[in-house]
Each structure stands twice: as C-alpha cells, then as structure tokens.
Amino acid sequence: MNISVKEIAKSYEPGEVEQKWYTFWMENGFFIPSGDETKPAYSIVIPPPNVTGSLHMGHALNVTLQDILSRWKRMKGFRVLWVPGTDHAGIATQNVVEKQLATEKLDRETLGRAAFTERVWQWKAKNGGQIIHQLKKLGASCDWSRERFTLDEGLSRAVREVFVSLFDEGLVYRSTRLINWCPRCSTALSDLEAEHDEYEGKLTYIRYPLLDEHGYVIVATTRPETMLGDTAVAVNPEDERYKGLIGKLLRLPLAQRTIPIVADKEVDPAFGTGAVKVTPAHDFNDEAIAKRQSPHLPFISVIGQDGKMTENAGSKYAGLDRYDCRKAVVQDLKEKDLIVKEDKHIHSIAHCYRCRTVIEPLPTAQWYVDIESMAKDAIELVRDGSINIIPDGWKNSYFSWMENIKDWCVSRQIWWGHRIPIWYCGECVTDLGISQGRYIHVALSEERNGIIEGTYEELRGSGMSHSDIVSNTKAVTIGIQVKPFSGRQDPTACPQCGSAAIVKDPDVLDTWFSSALWPFSTLGWPDETQDLKTFYPTSVLVTGFDILFFWVARMIMMGQKFMRSVPFRDVYIHALVRDEKGQKMSKSKGNVVDPLTIIEKYGTDSFRFSLAAFAAQGRDIRFAEERVEGYRHFANKLWNVSRFIKLNIDKIMPDGIETIDVINKEIENLSRNSLTLPDRWIICRLGETAIAINEALTGYRFNDASSAIYQFVWHELCDWYIELAKTSFERNYPNRVLTLKCLISVFDNSLRLVHPFMPFITEELWKSFPHNGNTISLEPYPDLYTLIPSPPVTDACIDMSIVTDAISGIRSIRGELNISPSKRLNVAIKTFSDDAQKIHAEKVLKDNVDFIVDLAKLETLDIGGNIEKKPATMTSVQTGMEIYVSLSGLFDVQAELQRLSKELKKLDTTIMNLEVKLSNMDYTARAPKAVVEKDKLKYSELVEKRDRIQNNINKIKKLDK
RNA sequence: AGGCGCGUAGCUCAGUGGUUAGAGCGCUACCUUGACACGGUAGAGGUCGGGGGUUCGAUCCCCCCCGUGCCUACCA
C-alpha cells in the first residue's frame, strides 16, 4: 500500500465519516448475531424508549454503555444480540395525539375509540421512528432486523397470555378502592406514577359544632373542600382532650349531615389539633381509618373524575372545580365564623408523572396484580446472587421497595394500549341473583329510541339489540358486581350461560405491564423460538435507577413467573446525567443539553468517549461540555498518529505494506531481542493496557477503561514511543523497518481497543490500512492471550524508566531555566556502579544514548562511572545517577542553589516521615514484612539521593566563594 | 420521618488501610520542531468538609457534626 499523506487532512472531521460507516455496517449486517453455535451468546435488550421520545442525555448514556459492551463482546467472539425497540407509552402518546386533535378542534370522544386509535397508529408511523433514528446516530450496534414495539402483534400476544394466565390463577383481580386518579388524563395511575413534590400550602383550622351540646371540635386540613365528603372526625383513643367525645355526633358545616367522632390509633395527637376530619372517598389515610371502623364509615365521593365537585357536594358546590370549591368553602366557613385560623404549611402533593396535574384519590373499580408471591421470589433471586445488581448499593433500595410492595394497579382508562382481555355477560346474574345488565352502564355515541345512556338492561329493554348497543357504545362502565371472564381468543359467547350478549372491558393495561415482559416477549415468547433458547436469559440489563421499580423489579417478577428463570444475570445501574451545576435536566428549567447538538459540535465518538469517561459507578454525572472538547482532541490525536505512520511508510517502506495482519503476526512471533528497548516497552505497555481495559469492562467500570486507553495512547504511544521512533527513523537505524512495523501493530491494537468507545473514527482509520478483514468491528479485541508479554518485554518497562528518567531530568533543568528548546545542551551522566542493578543501568543508558540525545535535545552526552561534575553545571540527582548539564555563560549560581534546596526540602520531609515510621517498634513488628522492606528500601534510596543533593549544594557553595 | 449517596487541586472528577494522593480542563513560562497548536516541554496549585474513635499506621474503616443531593413514606 502506498499512501500519499498530503491528501490526508491535518485534523479529523467527524461529520460525513460517521454516516458513511454506519451505512456500511448496516448494509453488511455486522450487527446481526453470528450463527456460529460454537460461540457463546451475549445478549442485551434495550430499555425501550418511549415512542414519543426524542434523544436526551439519559438515552445517550444508556445506549453508549450498551453499545460499548456489545461491540466489546462482539470483538471478543461472542454471538452478540442487542435487541432494540420502543414502547407505546400509553398515556404519553395518547396525550400527544389528543393535543394534536385539540388544534383541529377535535377530541377523542368525538372521534370514537376505533378512529382515535387509528389516528395514533398514524402518528406513530410518522413520528415514532425519530428516537430510533437518533439511536443510530449514536452508533448503536443493535440488530435492527429484530426491532420490536410493545404493541406489535407478537408482543401483544405475550401480554394477553400473561394476563389471562394470571387471571386464571387468580393473581389478577378487580377491586374497588381508592386509586391515584389523574383528572386531566382521566385515568387511574399506579402508586409509582404518582410523584410527590413538596409545596407550601395552608393548614386550615375548622370548627365542627357538636350536635347535642355547646362547643365544637376543631380539625385541621390542607384540603377544606373535602369536608363536604367527611363522614367522621377521628381522634386518638388515648388523647385525654377528646376521650369524652368519642361516639358523640358533630354537625358537619355546609352539609346537611351529622358525623360521628371516632377513635383511631393512627391519629397523631401532636399534629394540628389532634382531631382529623375523615374523608374516606378522597384520602388514602382516611380510607384506611374508615375501613378500620366497625361498621365501616360511609364513603361519600364529592369530587368527580373530571376534578369537579359532584352532586354529593351539594347543589351550591356541584360543578365547581375542586380548587374553586376550596375557595368557596373557606369563604362560606368564614362567614359562619367557623374558620379558626390558616397556617402556612409545607407538605407533599402527588402529581401525575405524565402531566403534573395534582392527583385526586378516587374510589374506582380497577384491575390489580396480586404481587406478593412474585415479589417474594424476585427478592430471593437478588439475595441469592442469581441476579447481580451493580453497583450493589442499589440492592437495598430494591429490597426495601419489594418488601413493602403493594398490589399493582394495571388498568388504565385510556384507549392507546393493550386492551384488557376480559369480558362481561349482560344476561347472567350476580351472586345475589340480580341481572348483571343492571350494573353495566353504557353511554351511546348517538341517541337511540330517545335514550343516550343507561344500563345495559334498560337499553335492551328499550328495544336495542346487543349488536346495536355494542356498535354504538361511546363509553361503558362495569359495576364491580359483574363477573369477568377472560379469553386467549376473543370469545363470542358467555361461557356460563352461552349468551352472546357479552361486553368487553373498556380499559387498557399499564404500559409497564408490557414492558415487564420485554426480555422474553422480544425474543418470541410465548412461542418457543430459537432466539429464546439462545439468548434468554439475557446477559445484562443496563438502565438508570429511576426505573428500578417501574421496570427492573417487574421484569424480574415476570421473568421468573413465566420463564422460570431470571431475565438477566446482571443489572448495571448507571448514573443520572445532570447539568454542570448538578441539577436534574428538565425542559421547564431550561437546562437541557441536547445530545444531538453536542454530536454536531464534537462528533459522536468524542461524545461517547466522554460519557464513558463520566460513568463512574455510584455517582451522578455532571455534564461538562469542556470535557467533550478534550476528547475531540483525543480523536484528533488518533487521526494524527495515523498520518505519522503513513508518512513513514512512504519514506521507509516505499514498496508499501501487505496487510496489517501479516505485520501483527510478525511482531507477535518476533524474537524480542531484535527489537529496540522502546519497541519492547511499548508492546509491554500495550499488553498491560489491554488487560486493564478488559478487566475494567468486565466490572462495568467504563471510566477506568476509557482512562486506561486514553493514558496509553496519548501519554505513552504519542508522548514517548512516537518521539523515540523518530530517532530510529531519522537516524536510519538498520532495524527502523521493524520499529515502524511495531508502531503499526501497536496502533492497530490501539484502534481495536478504542473501537467500542469510538466506533466511527476507529473504523475510518482502520479501513485506511490494508487488512484481511472487512470491518474493525469484527476484529479480535486485544487481551491477555493475544499479547502475552514475555519476560524480556516486562523487563523493558523497568529499563525504559531509566531512559525516561534521564530525559525528564534534563528536560526539567531546561524547563525551569527557560532555556529555548532549540538550544542543544552538553550533558554528562554519572552512574553509580556499586551494585549489579546500577551496572545494568549504566548499560541501558549507553545502549540508548541516541534516544536521550534526541529527546533531550543534546549536543553531547557522556555516560560513565568516573565522570566528574564540572563547574557551572546544573545537576539533576536521580536514583542511581546524576545528570550534569553544562551551562557556561547561562549558569546562575543562585538559581541552581534555590532549585536544589527546594528539592532537598521536599525530600527531607518525606525522609523524616519515613524515619518516624521506621523507628516505631510497633510498626516494624506489626506491619507486614513486605511493607516494611519496601519502606526501608525507599528510605535508603531517598537518603542516598538527599546526600548527593546536599553534596552538590556544598560543591556549588564552595565554588561560589 | 426513614433510607441512600456525596463533600479530594480554581473547575469536573478518579483513587487506595502503608503511594512523595492522581487525571482532564483551566492557569503560568518557554516553544509555530516534518503526525498533531484540537500540538510539545516544563511548572504552580491539595493540612483529601470539621471533630472524635479503631489501628503500629486513616484521605480510605466506625461514630458525631456541618454542608449538599437523591429515593421511599399514610403527618391530616
């Protein structure tokens, strides 16, 4: 190969390069797992981003880490499958489309269920690909031929199978109780979907007059409007203030009702007045109190699903928004002088995680998953190590959540999602013998026989046929008394009575229900597919802690329940990406950094490398753009190594090279003695670096891996080895070709080491050299076994430090005295040969004299044991040698004295500390022998060095006089 | 209220029961040298948040305090 360096740009421009290679990878199917069954499998399922999503920092980090793992394992010879996909994000997507409809002055009710879901599919077809496109921009090496969507036919079948199995087993059930209700999304939410934020509100103290005597009880509340639904006031049974009042009746102001004073041990006498109003239908605590009473306190629901007051609130308030009603109630109470005071009060309020609307607890009938037994198993799987959570600090959170888990509300009153596979018969009778048709309430989309809505029974009674009703249904509400039945296939008749008058449950399932099946539903379950056999359980799940409960825990439960095995072996929990000040990025704060902007500015590779470098375990990431810039420089550095190599191939191997593969083989099999010291050293360091990177990645320490490769490429390969190679090239060493081949091989290995982190530039550079292979992404990843550092090579690391010490010593003097780099210096190195080690050092220096002369920019260099320090020379004292730099004319006695004294002082401190330590009998007796020996050796070395510095100082002082 | 984490160089962060405590960026000085100024060389900069304890030895382990961030929770 001949390469004209002139044609290669001086710096790396990522833009077009990235697009080119991604297309190349895709066209060649490199991301589809190899069919070679002798290779071990490695699989990851992507945490499916919302189909409404667009790439944010969290995705970028998440995807980058998975891609690093995937590419690394692929290069290590695994059959890697990384399954991509999106989830249908029920509420979020429905909201997006409803907003769109609103701009057309439409709403989903007008459109009807079928037309609306069709509309959402259209939206998905048009916009759902955005996030996928963005993942590709990041370089994600997913197998796109296996891309999945949670509403796909196959995944829907999995959802249905799971729901029906659980139903048959009695593990899903329908129940009426308080639930978190979002009045804006008009659906129930699970506990996790209600997010608590602290707000400053008011604590209002209200007088409730006693019915049969003078006086009153004062209650304190943050929600005065709910008093209209109060059915009791509760006090602690031990509370002396109220003991005598328990059982007495109160007149509930503004409502025409009397309510009792009841006792409940959970009431905190210290809070407020110690008397709490009880609104069972609108507060979870109050619901609990109501159910502890015998008989239960009545539930009076005064707030509707739309967040407005109902008829039960009384005609004056019915129809008012709950917040307007609050004002009205307070106003009315004030007029009656029933408000004692209003205090400022900070408390937490639950909000809908999708739209931030304040949650309204409402009593409704919902479907629940009985989670207890599954949770128990899932706890055990983590406890016994079947699943590793990394970093393991998250285990505690996992356990504490799982141990206190409550049944999972899975029904949602929206239209976009998996319809619950449950039907109800309109003609059967309830357990009490009443026709179920009475408890099925239907709202029609258009009036029939003068009726717009009514019970199923009434509608049938009015002459409508079953199919008339079904085809005209706008909304249906199923009473809790009605018996449900399920179907893997859509049933046509009631299994009980054979009637065809069956009505489908209107609700859909929580999106997380389908997400929980993701690790096996994406692989083809419930069918027994080859993918399932090969790739389940998956190897690792990479995700943020924010969905540990939402998703990870539920996957573990479902995986164990339906696959009888864990869904993944490892869970790697990565950080949250925050802004530079450590604040959570959010649109409302306006501190969002757009990954695509960063990519535009610095290139994908630099961005990815930064994310890996940031990903220290157990700590959040503060995203600092400057560091991305720093890693762009790193990309440029790699680019320029390649230019340097090509330039020298042109010069030194004018016939070009065959393939890199041949060179790699040659270097691996070469006798180490035919290589220069720097050659042997860089091979040694490459091997050590490869080991370090592989170890780091095995432990998910991405930051360690990236810093190891950065350190090696920049500070060893570039700063030292290339500079040393120049000596070999420019002085026309006989073995300069070998050195060049060595450089080529080390660079090739470096590119492979970097590839999982920076896939694009490494492919670009790798492809610019001749190889047998077609892509770097399938080349072997360097590790211990391909780069065995034989003993002479490891010795090279020690020998090399003698040479670099000498060079650095001279450079220090030059630098500290601000001597121009262009001025060549005359230097002598006195070696001390009082032991074998030092004799060896002298040999190493003499063998490598050219390297020292070139890198330290010397005119002359003498090395020997009997060299005498000349006057007017600067001195650098090193272990085993003293370096004298002649500076006739430039020599500054004071500067030199100052320099040496400073070093002396530094040494003295260290020596003193060591002395104290070593003279401590406890230390020498108790500390491990090796540690003490090391300290003793260090001590003698430092003392020797100190003495020689002192010696030099004395000489100069004598000279000065 | 409970739980978890963090506090190390100007900034962003690594790190370890025994090291002369590191990196990147920034800063200072010198240098446009044939890979790279997205560069090179040299250098300044830290009593590892405070106090106590365990230990021969603590930046690292334990306790308390201060600051800070997060998670969970039924304070009306």
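Bear in mind that the values here come from a model prediction, so they are computed numbers and not experimental data. Letters A, B, ... are given to chains in the order of the sequence lines, protein chains preceding strands, and every chain is numbered from 1.
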Would you give me the side-chain donor-acceptor pairs under 3.5 Å for residues 904-912 of chain A, sequence neighbours excluded?
residue	atom	partner	partner atom	Å
A:Asp908	OD1	A:Arg946	NH1	3.0
A:Thr909	OG1	A:Lys905	O	2.9
A:Thr910	OG1	A:Lys906	O	3.1

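Partners of A:Phe644 by ring pair (Phe, Tyr, Trp, His ring centres under 6.0 Å), not counting sequence neighbours: none found. Shown here are the ring pair (Phe, Tyr, Trp, His ring centres under 6.0 Å) partners of A:Tyr242, two or more places apart in sequence or in another chain: there are none. Residues passing the ring pair (Phe, Tyr, Trp, His ring centres under 6.0 Å) test with A:Phe609, sequence neighbours excluded: A:Tyr631, A:Phe634, A:Phe757. Scanning for salt bridge (charged side-chain N to carboxylate O under 4.0 Å, His left out) contacts around A:Lys917 gives A:Asp935, with sequence neighbours left out. A:Glu944 meets the salt bridge (charged side-chain N to carboxylate O under 4.0 Å, His left out) test with A:Lys838, A:Arg948; sequence neighbours excluded. Residues that satisfy the salt bridge (charged side-chain N to carboxylate O under 4.0 Å, His left out) test with A:Arg824, not counting sequence neighbours, are absent from this structure. Residues passing the salt bridge (charged side-chain N to carboxylate O under 4.0 Å, His left out) test with A:Glu723 are A:Lys726, sequence neighbours excluded.
Across the C1' atoms, B:rA14 and B:rG24 are found 10 Å apart, a figure rounded to whole Å. Only the C1' atoms considered, B:rG18 is 24 Å distant from B:rG51, to the nearest whole Å. The separation of B:rU68 from B:rA76, taken at their C1' atoms, amounts to 30 Å, rounded to a whole angstrom. For the C1' atom pair drawn from B:rC13 and B:rC6, the interatomic distance equals 12 Å after rounding to whole Å. On the C1' atoms, B:rC11 is 32 Å away from B:rG52, given to the nearest whole Å. Rounded to whole Å, the C1' atom of B:rU33 lies 11 Å from the corresponding atom of B:rU41. The C1' atoms of B:rC71 and B:rU12 are separated by 25 Å, rounded to the nearest whole Å. On the P atoms, B:rC38 is 29 Å away from B:rG45, given to the nearest whole Å.
For the pair A:Asp704 and A:Val267, both in contact range of RNA chain B, the more 5′-proximal nearest nucleotide belongs to A:Asp704.
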Quiz item: What is the per-nucleotide protein-contact pattern of nucleotides 36-43 of chain B, from the 5' end, where B denotes a base atom under 4.0 Å from a protein heavy atom, S denotes such proximity for sugar-phosphate atoms only, and - denotes neither?
Solution: B-BSSSSS

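Closest non-hydrogen pair, A:Ile261 versus A:Val217, comes out as CD1-CG2, 3.9 Å. Taking all atoms of both residues into account, the shortest heavy-atom contact from A:Val746 to A:Leu717 is CG1-CD1, 3.9 Å. The shortest heavy-atom contact between A:His196 and A:Ser348 is ND1-OG, 3.9 Å.
Under 3.5 Å, the side chains of A:Glu193 and A:Ser190 contain a donor-acceptor pair of N or O atoms. Side-chain polar atoms of A:Lys646 and A:Ser768 form a donor-acceptor pair below 3.5 angstrom. A:Tyr939 and A:Glu915 share a side-chain donor-acceptor pair at under 3.5 Å.
Screening A:Thr226, A:Asp286, A:Asp283 for a side chain to side chain donor-acceptor pair (under 3.5 Å) with A:Lys277, the sole residue that qualifies is A:Thr226.
Between A:Phe271 and A:His347, a ring centre-to-centre spacing not shorter than 6.0 Å is recorded.
The residue A:Asn920 sits close only to the backbone: its heavy atoms come under 4.0 Å of sugar-phosphate atoms, none of a base. A:Ile722 comes within 4.0 angstrom of a base, heavy atoms only. Contacts of A:Lys406 with the nucleic acid, taken as non-hydrogen atoms under 4.0 Å apart, involve only primed sugar atoms and P, OP1 or OP2. Across all strands shown, A:Phe271 has heavy atoms under 4.0 Å from base atoms, whether or not it also approaches the sugar-phosphate. Among the protein residues, A:His282 comes within range of no part of the nucleic acid, since none of its heavy atoms lies under 4.0 Å from any strand.
Whole-Å rounding puts the A:Asn396 CG to B:rC4 C1' distance at 8 Å. In this entry the distance linking CZ of A:Arg701 with P of B:rG15 reads 9 Å, nearest Å. In this structure, CZ of A:Phe614 is placed 12 Å from P of B:rC25, rounded to the nearest angstrom. Rounded to an integer number of Å, the gap from A:Glu403 CD to B:rG3 C1' is 13 Å. Taking atom OH of residue A:Tyr710 and atom C1' of nucleotide B:rU12, one finds them 14 Å apart after rounding to whole Å. What separates CG of A:Leu647 from P of B:rG34 is a distance of 11 Å, to the nearest Å. Look at CD1 on A:Ile573: it is 17 Å from P on B:rC4, rounded to the nearest Å. Atom C1' of nucleotide B:rU33 and atom CZ of A:Phe644 are separated by 13 Å, given to the nearest angstrom.
Considering only side-chain N and O atoms, A:His345 lies under 4.0 angstrom from the phosphate OP1 or OP2 of B:rA76.
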Scan nucleotides 17-21 of chain B against the protein and return all N/O pairs shorter than 3.5 Å with their distances rounded to 0.1 Å.
residue	atom	partner	partner atom	Å
B:rU19	OP1	A:Lys917	NZ	3.4
B:rU19	O3'	A:Lys938	NZ	2.9
B:rU20	OP1	A:Lys938	NZ	2.7
B:rU20	OP2	A:Lys938	NZ	2.4

Filtered N/O pairs between nucleotides 7-11 of chain B and protein, under 3.5 Å:
residue	atom	partner	partner atom	Å
B:rG7	OP1	A:Arg619	NH2	3.2

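The side chain of A:Val641 has B:rA35 as its nearest neighbour among B:rA76, B:rC13, B:rA35.
Pairing analysis of RNA chain B (Watson-Crick: purine N1 to pyrimidine N3 plus N6-O4 or O6-N4; G-U wobble: N1-O2 and O6-N3; both under 3.5 Å) yields stems of 3 or more pairs at B:1-7 with B:66-72, B:10-13 with B:22-25, B:27-31 with B:39-43, B:49-53 with B:61-65.
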